[in-house]
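Worksheet: the structure to be examined is printed underneath.
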4 protein chains.
Amino acid sequence: MPAPDPTRRSARARQAILAATRELLSEVGFARLTIEAIAARAGVGKQTIYRWWPSKGAVVFDALLDGNVDPEGNSALPDTGEIERDLRTVLRAIVEELSDPQTDHLQRTITAEIQHDPALADELVVRLLRPQMRATADRLRVAQGAGQIGPDVEVDLGVELLFGPLFHRWLLRTAPLDAAYADRIVSHAMAGLRPRDG
Amino acid sequence: MPAPDPTRRSARARQAILAATRELLSEVGFARLTIEAIAARAGVGKQTIYRWWPSKGAVVFDALLDGNVDPEGNSALPDTGEIERDLRTVLRAIVEELSDPQTDHLQRTITAEIQHDPALADELVVRLLRPQMRATADRLRVAQGAGQIGPDVEVDLGVELLFGPLFHRWLLRTAPLDAAYADRIVSHAMAGLRPRDG
Amino acid sequence: MPAPDPTRRSARARQAILAATRELLSEVGFARLTIEAIAARAGVGKQTIYRWWPSKGAVVFDALLDGNVDPEGNSALPDTGEIERDLRTVLRAIVEELSDPQTDHLQRTITAEIQHDPALADELVVRLLRPQMRATADRLRVAQGAGQIGPDVEVDLGVELLFGPLFHRWLLRTAPLDAAYADRIVSHAMAGLRPRDG
Amino acid sequence: MPAPDPTRRSARARQAILAATRELLSEVGFARLTIEAIAARAGVGKQTIYRWWPSKGAVVFDALLDGNVDPEGNSALPDTGEIERDLRTVLRAIVEELSDPQTDHLQRTITAEIQHDPALADELVVRLLRPQMRATADRLRVAQGAGQIGPDVEVDLGVELLFGPLFHRWLLRTAPLDAAYADRIVSHAMAGLRPRDG
DNA sequence: GGCTAAGCGAGACGGTACGTCTTGTCTTTAG
DNA sequence: CTAAAGACAAGACGTACCGTCTCGCTTAGCC
């Protein structure tokens with residue numbers, strides 16, 4: 001198993017594979033997505049896929065992140081000065097995103113996949129979830145400095161209090177998501193985050 | 001395609017299939033679980049499986065729920081009179097359960113599966129999640145009656161405020177679970193659920 | 001590897017495979033004949049081929065022998081009473097046969113194949129060569145009884161004296177075959193087989 | 001496709017390739033011999049092989065002939081004055097050679113290969129078979145001059161009468177070879193070649 | 001003695017076929 | 001007359017090689 005030389009990797013092939021993967025994923029879904037089909041659609045030999053990715057999940061993962069993650073991780077939240085309004089905006093945006101069948105499908109695929117692939121999970125956390133959560137935490141800290149959040153609140157946990165219910169409902173499909181639900185989460189979470197004598 | 005007559009279904013075959021599925025699932029995992037292997041292990045013809053279940057996921061699902069869900073749904077929460085203590089107990093119990101590799105594995109398998117199988121999701125919600133959430137909501141309502149929860153709190157959302165962060169962390173693998181984390185969730189959630197003037 | 005049950009073998013599949021093999025063999029030749037193509041042409045799963053034949057060579061071999069070997073081995077030579085004339089007829093017939101590109105090709109394929117597959121060689125000898133050589137030996141013995149062949153001649157070796165030069169030239173391609181060459185072989189061989197004092 | 005310049009050909013690479021081919025041939029046989037393996041074993045790029053040889057068969061052929069064919073073709077037969085004894089010596093030598101598994105294997109490989117590669121066949125005939133047969137024919141002509149062979153015998157055909165049975169048996173595997181068989185061929189062939197009145 | 005055009009080792013590439021595995025259907029056989 | 005056993009058509013798996021194609025790097029001649 002002589003590791004391949006990354007400097008000789010064909011950018012053309014890589015892009016074709018990721019594009020084909022995205023197309024096929026939305027056409028047939030993850031379960032019926034095959035390496036053979038990706039290779040055929042991309043006009044690429046199967047070995048070229050196996051050479052650079054360890055599994056179907058990894059290809060899909062790269063296909064999703066490729067291009068649509070800003071490499072600087074500059075995912076700052078809006079700051080209108082009013083924390084509750086800004087959080088509403090963020091959660092509504094997530095609901096909006098997940099209402100798009102395409103995005104819904106891709107995100108579910110990845111989430112399903114990481115259940116049995118911890119390495120993939122790590123990558124997702126590092127490249128996507130952590131930056132997003134950190135940005136939210138940063139915004140909360142600003143609000144805390146402005147006295148809109150209690151001084152004893154652990155902002156990291158605050159972030160989970162906001163995102164948790166949303167994803168719980170979405171992943172376990174206990175009920176549909178909508179903007180009103182996003183607002184209600186913010187209201188209830190803020191009730192616990194606000195200074196005691198708000 | 002004459003639909004099979006359920007009254008003639010062999011209980012012996014059914015149990016053998018579900019047992020074999022459970023065994024194989026913990027031996028090789030979901031991805032490498034095959035219908036052929038289940039049939040062979042169960043001493044059953046493949047057709048007998050295809051006759052009664054539409055997919056591998058459905059068999060696994062039945063295998064998991066078979067027997068270990070009390071048919072009465074009598075999943076009442078503890079009630080010591082002190083809501084925060086009781087919630088801590090519940091969340092710690094969930095953390096405990098998910099710390100068992102066996103349970104962790106099975107639950108993840110099902111969760112991954114329902115991402116692309118809404119019918120399965122419905123069944124999971126109806127048979128497992130809804131009862132559990134309802135029981136928690138009931139306990140919250142009792143606390144609300146006792147003045148430990150604010151009168152304007154929507155208890156259903158309160159339940160999600162508690163479970164959400166836990167499952168967010170577990171399913172997206174953003175950080176490991178432990179009892180202390182369960183306690184911190186309860187603390188922060190209760191800060192928002194408690195009546196305003198304590 | 002539970003050996004398959006020959007009693008359940010599909011006659012339809014077998015015939016389709018052998019027919020497809022014959023067709024493809026004459027279309028693309030042995031080297032470019034693939035199991036996949038045979039399966040596709042025959043409308044058969046690849047596994048059905050692998051289940052019953054150990055190698056491409058074995059399939060081809062069966063394809064060639066299937067049907068065109070009389071099961072009784074009743075391959076008697078002509079007997080006009082004049083041995084030299086009859087032998088000429090036989091050798092000319094062989095030359096004729098090998099002049100047909102189709103036959104030439106098939107025979108060369110098998111001959112090449114048996115060079116590295118002794119089991120195949122055995123089968124060829126038993127089912128094709130031995131009967132043919134025995135028939136010729138029988139004819140020689142009749143001639144010996146009639147005094148046209150020396151009483152001390154080993155007829156089995158006589159057969160090889162006749163066939164040997166022909167196949168030597170054909171297999172090693174030292175020179176082309178024609179009817180005149182067949183006649184010359186018979187003449188020279190007969191010079192050694194005839195009774196000493198004619 | 002600018003034809004490569006033979007004057008710049010690397011002798012080192014050529015020898016390494018032929019040596020690697022010989023080694024691999026006796027290790028895995030012709031069918032499982034690959035260009036990639038030859039290149040790897042020889043420490044050579046694949047292109048260097050493709051640049052100078054058109055096919056695997058051609059490389060193997062060169063590997064076999066390289067060095068072990070005397071360029072002068074001085075393959076004269078022994079001449080004790082007694083033709084039958086000398087022929088016995090020659091045929092026994094061939095049997096001896098083919099009894100060595102190594103030689104047997106290499107010769108069969110080439111013979112199989114020429115069945116579907118006429119160009120290779122030509123080269124084999126010109127470089128190996130023709131010289132050998134001509135040498136034998138020359139020896140027969142000498143015997144003919146000495147009156148040990150009939151004046152009307154075509155010596156070229158006589159050669160085939162001797163070699164034919166031997167190779168027929170060897171290539172078609174109708175029976176094993178041994179020295180006694182070589183002697184019997186010579187006896188019977190000589191019966192036809194000797195002058196009529198001994 | 002430096003330039004430049006080859007041959008060279010290396011190995012990624014688009015492909016084809018391999019032999020295996022699993023799917024879901026259909027057929028045969030034994031209880 | 002049911003259900004196990006298992007052969008079947010289909011097709012994806014991951015691997016092995018094919019023959020072609022860049023890459024830098026020697027290594028010659030030719031200026």
Side-chain angles (χ1 to χ4, degrees), chain A residues 1-10 12-14 16 32-40 42-52 54-56, chain B residues 1 4-5 8-10 12-13 32-37 39-40 42-51 54-56, chain C residues 1-10 12-14 16 32-40 42-52 54-56, chain D residues 1-2 4-14 16 32-40 42-52 54-56:
Chain A
M1 188 188 69
D5 178 351
T7 69
R8 303 192 52 177
R9 184 169 188 176
S10 157
R12 199 202 114 274
R14 181 172 189 275
R32 279 185 309 204
L33 177 69
T34 67
I35 298 280
E36 300 224 318
I38 296 174
V44 138
K46 284 200 290 175
Q47 200 56 49
T48 301
I49 299 181
Y50 285 112
R51 182 151 38 229
W52 301 110
S55 69
K56 189 173 69 165
Chain B
M1 186 188 71
D5 177 351
R8 310 192 54 170
R9 185 168 187 177
S10 155
R12 197 204 115 271
R32 280 188 308 208
L33 177 69
T34 67
I35 298 282
E36 301 226 317
V44 137
K46 285 199 292 175
Q47 201 55 247
T48 302
I49 299 181
Y50 284 111
R51 191 161 20 240
S55 70
K56 189 172 70 165
Chain C
M1 188 188 70
D5 177 352
T7 69
R8 304 193 50 174
R9 183 169 190 176
S10 158
R12 199 203 113 273
R14 180 170 191 275
R32 278 185 310 204
L33 177 69
T34 68
I35 298 281
E36 301 223 318
I38 296 174
V44 137
K46 285 200 290 175
Q47 200 57 49
T48 301
I49 299 181
Y50 285 111
R51 187 158 27 235
W52 302 110
S55 69
K56 189 173 69 164
Chain D
M1 188 187 71
D5 177 352
T7 68
R8 306 194 55 171
R9 184 170 188 176
S10 157
R12 198 203 115 271
R14 180 172 190 276
R32 280 188 310 209
L33 177 68
T34 68
I35 299 282
E36 300 224 318
I38 296 173
V44 137
K46 286 198 290 175
Q47 199 57 248
T48 303
I49 299 181
Y50 285 111
R51 186 156 28 234
W52 302 110
S55 70
K56 187 173 72 164

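A note on names: the letters A, B, ... follow the listed sequences, proteins ahead of strands, and every chain is numbered from 1.
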Quiz item: Backbone N or O of C/Ile35 within a donor-acceptor pair of the C/Lys56 side chain at under 3.5 Å?
Solution: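 No, C/Lys56 side chain to C/Ile35 backbone: no donor-acceptor pair under 3.5 Å.
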Report all interatomic pairs (protein N or O, nucleotide N or O of nucleotides 13-19 of chain F) with separations under 3.5 Å.
| unit_1 | atom_1 | unit_2 | atom_2 | d |
| --- | --- | --- | --- | --- |
| F/dC13 | OP1 | A/Ile35 | N | 3.1 |
| F/dC13 | OP2 | A/Ile35 | N | 3.3 |
| F/dC13 | OP2 | A/Glu36 | N | 3.1 |
| F/dG14 | OP2 | A/Tyr50 | OH | 2.6 |
| F/dG14 | N7 | A/Lys46 | NZ | 2.9 |
| F/dG14 | O6 | A/Lys46 | NZ | 2.6 |
| F/dC18 | OP1 | D/Ile35 | N | 3.1 |
| F/dC18 | OP2 | D/Ile35 | N | 3.2 |
| F/dC18 | OP2 | D/Glu36 | N | 3.1 |
| F/dG19 | OP2 | D/Tyr50 | OH | 2.8 |
| F/dG19 | N7 | D/Lys46 | NZ | 3.1 |
| F/dG19 | O6 | D/Lys46 | NZ | 2.6 |

Quiz item: How would you list, by chain and number, every residue that makes a side chain to side chain contact (heavy atoms under 4.5 Å, CB included) with A/Arg8, sequence neighbours excluded?
Solution: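 If we apply the side chain to side chain contact (heavy atoms under 4.5 Å, CB included) test to A/Arg8, skipping adjacent residues, the hits are A/Asp5.
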Quiz item: DNA chain E: A/Gly43 or D/Ala13, which has the more 5' nearest nucleotide?
Solution: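 In this pair, the answer is D/Ala13.
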Self-check item: Pairwise 5' ranking along DNA chain E for D/Ala42 and A/Asp5, keeping only the more 5' one
Solution: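 Looking at DNA chain E, the more 5' nearest nucleotide goes with D/Ala42.
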Shortest non-hydrogen separation from [X] to [Y] and the atoms involved:
| X | Y | answer |
| --- | --- | --- |
| D/Gly45 | D/Ala39 | C-CB, 4.3 Å |
| D/Arg12 | D/Ala42 | NH2-O, 4.4 Å |
| A/Ala13 | A/Ser10 | N-OG, 3.0 Å |

Quiz item: Out of F/dC8, E/dG14, E/dC8, which nucleotide sits closest to the side chain of C/Thr48?
Solution: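 Of the candidates, F/dC8 comes closest.
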Quiz prompt | Spacing of CZ belonging to D/Arg14 relative to CD1 belonging to D/Ile49, to within rounding of 0.5 Å | solution =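 Spacing of CZ (D/Arg14) from CD1 (D/Ile49) equals 12.5 Å.
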Quiz item: Atom CG of D/Leu33 and atom CD1 of D/Ile38: how far apart are they, to the nearest 0.5 Å?
Solution: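 Here the rounded value is 4.0 Å.
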Practice problem: Find which nucleotide of DNA chain F each of C/Trp52 and B/Val44 is nearest to by heavy atoms, and output the residue with the more 5' nucleotide. | Solution: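 Checking each residue's closest nucleotide, the 5'-ward one belongs to B/Val44.
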Quiz prompt | Atom pair distance, as rounded to whole Å: CZ in C/Arg51 and P in E/dT22 | solution =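 Spelled out: CZ on C/Arg51 to P on E/dT22 is 15 Å.
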Self-check item: Rounded distance in Å - CD1 (B/Ile49) to P (F/dA3)
Solution: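 About 14 Å, once rounded to whole Å.
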Quiz item: Quick one: what's the B/S/- string for nucleotides 25-31 of chain F, heavy-atom cutoff under 4.0 Å, read 5' to 3'?
Solution: --B----
Quiz item: Side-chain N or O of D/Arg9 less than 4.0 angstrom from OP1 or OP2 on E/dG7?
Solution: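 For E/dG7, neither OP1 nor OP2 has a side-chain N or O of D/Arg9 closer than 4.0 Å.
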Exercise. Examine E/dG14: is either OP1 or OP2 under 4.0 Å from a nitrogen or oxygen in the side chain of A/Arg12? Give yes or no.
Key: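 Checking E/dG14 against A/Arg12, a side-chain N or O does come within under 4.0 Å of OP1 or OP2.
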Exercise. For the pair D/Trp52 and D/Arg9, evaluate side chain to side chain contact (heavy atoms under 4.5 Å, CB included) and give the outcome as yes or no after the intermediate values.
Key: CA-CA 9 Å; D/Trp52 302 110; D/Arg9 184 170 188 176; 3.3 Å; yes
